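Some notes on the structure that comes next.
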Amino acid sequence: MGKLKDIPKIDRPRERFLEKGPDALSKSELLAILIGSGIKGKNVKQLSEQIIRKFGDKFLDITVDDLLEISGIGEAKALQIVSALALVRRFYEGLGPKDNIVLSAQDAVSLTSDIRDKKKEYLVCLYLNARNVLLKKEVISIGILDKSIIHPREIFGPAVELRAAGVVLLHNHPSGDVTPSKQDVEVINKILEAGKIMGVNVIDFIIVSENDIHSIFIDIQTSESKTTHYVSDGVQNSLFDLLEAERPKYEINGERIQENYFYIPQVKKNHIQLQNRRYIGSKHKLIEWIFSIITKECEKGNSFADIFAGTGVVSAVAARHFDEIILNDFLHSNYAIYHAFFGSGEWDRDKINNIIKDYNNIDSGGLEDNYFSEYFGGKYFSKSSSKIIGFVRENIEENKNNLTSKEYYILIASLLYSIDKIANTVGHYDAYFKKDHIEDGFFMKPIDPIEVKKVTIYREDTNLLAKQIKADVVYIDPPYNSRQYSRFYHVLETLTKWDKPKLHGTALKPDPENMSDYCRVQAKDRLAELIRDLNAKYLVVSYNNTYDSKSNSSKNKITLQEIEKILERKGKTKVFEKDYRHFNAGNTNFNNHKEYLFVTKVDHE
Ligand SMILES: C[S@@+](CC[C@H](N)C(=O)[O-])C[C@H]1O[C@@H](n2cnc3c(N)ncnc32)[C@H](O)[C@@H]1O
């Protein structure tokens with residue numbers, strides 16, 4: 001029977017759904033998931049394509065009898081489809097215009113799904129009020145987009161009439177390629193200029209095709225509007241992410257703290273320090289505040305566990321106060337970095353410096369293409385740099401027997417930090433800039449290891465680890481939103497593991513691994529289990545207040561109130577707050593952004 005599993009993996013709708021979400025799938029692919037299997041001689045994809053073709057715009061009114069006319073659809077499948085349609089209709093009937101709130105690129109796309117498979121180019125404008133409620137949807141033009149044809153009046157005329165606070169523009173590419181064309185960029189620039197003059201916020205410009213969405217980043221911080229060609233899979237961050245986060249409905253009464261902790265980072269010329277990397281959620285800039293609180297609130301203890309350690313910067317400072325440090329993160333790249341910086345074991349500084357010196361003398365002209373350059377060359381890195389990176393990584397592996405374990409990890413970490421300096425990205429690998437020319441400039445520097453009295457390093461799921469460890473202070477800094485770290489830093493993961501998997505999509509990601517429940521709806525339950533299982537004298541939890549963010553992907557998964565409630569079960573909890581400028585695609589100032597630190601003194605019977 002023609003089942004979904006018979007379709008080549010890359011084309012399988014279920015896989016694509018899990019990887020990119022429903023908006024990345026065509027109507028027939030979504031239907032294929034619902035139907036599940038085909039019949040002999042007609043696989044499920046062909047069957048669903050046939051249904052979509054046959055009923056077209058009448059699909060929503062389809063009956064069981066209509067479906068039974070199609071060979072391959074029996075009564076059970078027909079009922080499945082018709083019930084799903086009836087269910088969706090039932091929910092939609094209950095919705096009024098007040099529910100048409102556009103808070104994300106996905107919301108905008110779902111309001112204009114009719115243009116996704118049009119054969120002609122459409123430009124559609126959504127007019128929104130100050131609370132992002134849809135006031136009107138208007139087709140601005142049909143036919144090739146051209147700046148000489150599109151007049152801003154057509155967009156901003158209705159905006160003035162409707163007193164709209166913002167507009168979202170959507171444009172379809174019938175070719176299927178959602179990369180902005182030269183004409184698109186010219187039109188966007190013209191619209192942005194006009195929006196500025198008219199005082200109407202151009203919230204986003206989204207290019208859609210049947211299977212893909214591309215939301216254009218606009219740098220609202222520069223006075224000169226600029227569009228960035230940004231290439232990624234499916235839905236990516238958009239200007240929604242750059243909008244100011246709203247003040248949380250739940251204002252937590254956080255104690256403010258007089259900072260009295262002075263953090264002096266290590267500085268050794270020509271060496272890379274632990275904090276010298278771009279990492280979402282790094283607490284490097286908050287470290288003085290965090291340790292002002294920890295040193296004031298937690299009685300002196302011996303051991304400190306950093307169980308969502310990320311960059312490890314919190315552990316690096318903890319190592320000055322505690323004799324024993326436990327570090328954990330489930331990413332392979334972070335695990336290698338911890339071994340390099342904190343790990344015990346012999347290593348020879350001159351040997352490392354000489355190896356790195358040799359790597360820096362490599363001429364890419366003499367190198368063949370390799371795994372790394374074939375996938376990432378001309379995308380995340382220049383062709384020449386990527387050839388050297390792939391060569392160096394291979395060489396470290398081939399030389400493994402001549403290196404101690406610490407030396408091996410020092411070389412890997414030095415490579416990971418060095419590539420971060422030249423990556424053609426905003427700092428993570430969900431997307432890369434589309435450029436004709438990417439600067440070369442690969443230059444490897446050695447990392448500078450840190451002295452720690454006693455360290456244990458894990459690469460475990462935190463909830464499993466919680467049952468195994470014990471520490472005086474456990475620091476808990478989970479992801480706050482649905483952005484998966486393993487997907488954001490997949491290039492570092494691929495380079496560390498070096499098992500050379502097949503990579504998929506525009507962003508060239510491997511099959512999913514280490515997908516965190518803290519980025520999903522289960523986050524609250526996982527945190528409750530984690531807190532319940534941890535054996536510590538003090539629990540210190542970091543979280544921020546972006547849960548009212550307008551972008552779905554940057555909305556918080558757990559509210560501050562929920563965290564406080566979970567912690568109170570374990571002991572008396574104090575909350576500290578700090579105003580903070582938050583990372584957001586490198587650009588935004590979240591005026592209302594606050595960081596919170598919860599400190600719980602655990603009750604012991
Ligand atoms: C907010 S970051 C931590 C940042 C860190 N405190 C710093 O200063 O760099 C969260 C980290 O948790 C890791 N993580 C997420 N879910 C995890 C899980 N279930 N088990 C282990 N690590 C996890 C991610 O890989 C990420 O590095």
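A quick note: this is a predicted structure, and the numbers were derived from the prediction, not measured. In listed order, ligands and their atoms are each counted from 1.
- Counting heavy atoms under 4.0 Å from ligand 1, residue Tyr279 touches it through the side chain alone.
- For atom 8 (O) of ligand 1, the closest non-hydrogen atom on the protein side is Lys283 N, 2.8 Å.
- Taking a cut-off of under 4.0 Å to the non-hydrogen atoms of Val313, the atoms of ligand 1 that pass are 8 (O).
- Within the 3.5 Å criterion, the main-chain N or O of Gly281 finds a donor-acceptor partner in the side chain of Lys283.
- Nearest non-hydrogen protein atom to atom 25 (O) of ligand 1 is Asp329 OD1, 2.8 Å.
- Contact annotation for Leu331 and ligand 1: only side-chain heavy atoms (C-beta onward) come within less than 4.0 Å of the ligand.
- Closest to atom 3 (C) of ligand 1 among all protein heavy atoms lies Phe308 O, 3.2 Å.
- None of Tyr596, Tyr480, Phe308 except one satisfies the ring pair (Phe, Tyr, Trp, His ring centres under 6.0 Å) rule with Tyr543; the exception is Tyr480.
- Distances below 4.0 Å separate heavy atoms of Ser282 from the following atoms of ligand 1: 7 (C), 8 (O), 9 (O).
- In terms of protein heavy atoms, atom 22 (N) of ligand 1 is closest to Phe330 N, 3.3 Å.
- Annotation: atom 16 (N) of ligand 1 to nearest protein heavy atom, Ser516 OG, 2.7 Å.
- Taking atom 7 (C) of ligand 1 as the reference point, the nearest protein heavy-atom neighbour is Thr311 OG1, 3.4 Å.
- A salt bridge does not link Lys502 with Asp511: every distance from a Lys NZ or Arg NE/NH1/NH2 to an Asp or Glu carboxylate oxygen is 4.0 Å or more.
- Not one N or O of Asn328 is nearer than 3.5 Å to an N or O of ligand 1, by distance alone.
- Between the side chains of Tyr359 and Asn395, at least one donor N or O lies within less than 3.5 Å of an accepting N or O.
- Residue contacts with ligand 1 leave out Arg526, since none of its heavy atoms falls under 4.0 Å from the ligand.
- For Glu299 and Lys537, the salt-bridge test fails: no basic side-chain N is under 4.0 Å from an acidic carboxylate O.
- Considering backbone and side-chain N/O atoms, Asp306 never comes within less than 3.5 Å of an N/O atom of ligand 1.
- Residue His284 has no nitrogen or oxygen atom sitting less than 3.5 Å from a nitrogen or oxygen atom of ligand 1, judged on distance alone.
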Between Tyr475 and Ser542, is a side chain to side chain donor-acceptor pair (under 3.5 Å) present by the stated rule, with each step listed?
CA-CA 8 Å; Tyr475 176 65; Ser542 273; 2.6 Å; yes
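- Among protein heavy atoms, atom 6 (N) of ligand 1 sits closest to Asp477 OD2, 2.6 Å.
- Under the 3.5 Å distance criterion, the side-chain polar atoms of Asp329 are matched with a main-chain donor or acceptor of Gly310.
- Phe381 has its ring centre no less than 6.0 Å from the ring centre of Phe442.
- Of the residues Phe443, Tyr279, Phe341, the one that meets the ring pair (Phe, Tyr, Trp, His ring centres under 6.0 Å) test with Tyr417 is Phe341.
- Proximity of Asn334 to ligand 1, defined as any heavy-atom pair under 4.0 Å, is confined to the side chain (atoms from C-beta onward).
- Rounding to the nearest 0.5 Å places CD1 of Ile469 at 7.5 Å from CG of Asn328.
- Contact annotation for Ala309 and ligand 1: only backbone heavy atoms (N, CA, C, O) come within less than 4.0 Å of the ligand.
- When heavy-atom distances to ligand 1 are checked against a 4.0 Å cut-off, Ser486 has no atom that comes that close, whether in backbone or side chain.
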Per-pair distances, 0.1 Å, donor-acceptor, side chain in residues 491-498, under 3.5 Å, sequence neighbours excluded:
{"from": "Glu493", "atom 1": "OE1", "to": "His332", "atom 2": "N", "distance (Å)": "2.9"}
{"from": "Glu493", "atom 1": "OE2", "to": "His332", "atom 2": "N", "distance (Å)": "3.2"}
{"from": "Glu493", "atom 1": "OE2", "to": "Ser333", "atom 2": "N", "distance (Å)": "2.7"}
{"from": "Glu493", "atom 1": "OE2", "to": "Ser333", "atom 2": "OG", "distance (Å)": "2.5"}
{"from": "Thr494", "atom 1": "OG1", "to": "His490", "atom 2": "O", "distance (Å)": "3.0"}
{"from": "Thr496", "atom 1": "OG1", "to": "Leu492", "atom 2": "O", "distance (Å)": "2.6"}
{"from": "Lys497", "atom 1": "NZ", "to": "Glu513", "atom 2": "OE1", "distance (Å)": "2.8"}
{"from": "Trp498", "atom 1": "NE1", "to": "Glu394", "atom 2": "OE1", "distance (Å)": "2.9"}

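- Side-chain atoms of Thr404 come within 3.5 Å of backbone atoms of Glu346 as a donor-acceptor pair (strictly under, hydrogens ignored).
- For ligand 1, the atoms closer than 4.0 angstrom to any heavy atom of Asp461 are 19 (N), 20 (N).
- For the pair Thr462 and ligand 1, the shortest N or O to N or O distance falls below 3.5 Å.
- For Tyr518, no nitrogen or oxygen atom sits less than 3.5 Å from a nitrogen or oxygen atom of ligand 1, counting backbone and side chain alike.
- Of all the atoms in ligand 1, the ones that sit under 4.0 Å from a non-hydrogen atom of Glu460 are 20 (N), 21 (C).
- Closest protein heavy atom to atom 2 (S) of ligand 1: Tyr485 OH, 3.3 Å.
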Decide yes or no on side chain to side chain donor-acceptor pair (under 3.5 Å) for Ser315 and Asp306, but give the supporting numbers first.
CA-CA 6 Å; Ser315 287; Asp306 186 4; 2.8 Å; yes
Asp430 vs Lys509, salt bridge (Lys or Arg N to Asp or Glu O under 4.0 Å): CA-CA, chis, key distance, verdict:
CA-CA 9 Å; Asp430 208 33; Lys509 295 182 184 177; 2.5 Å; yes
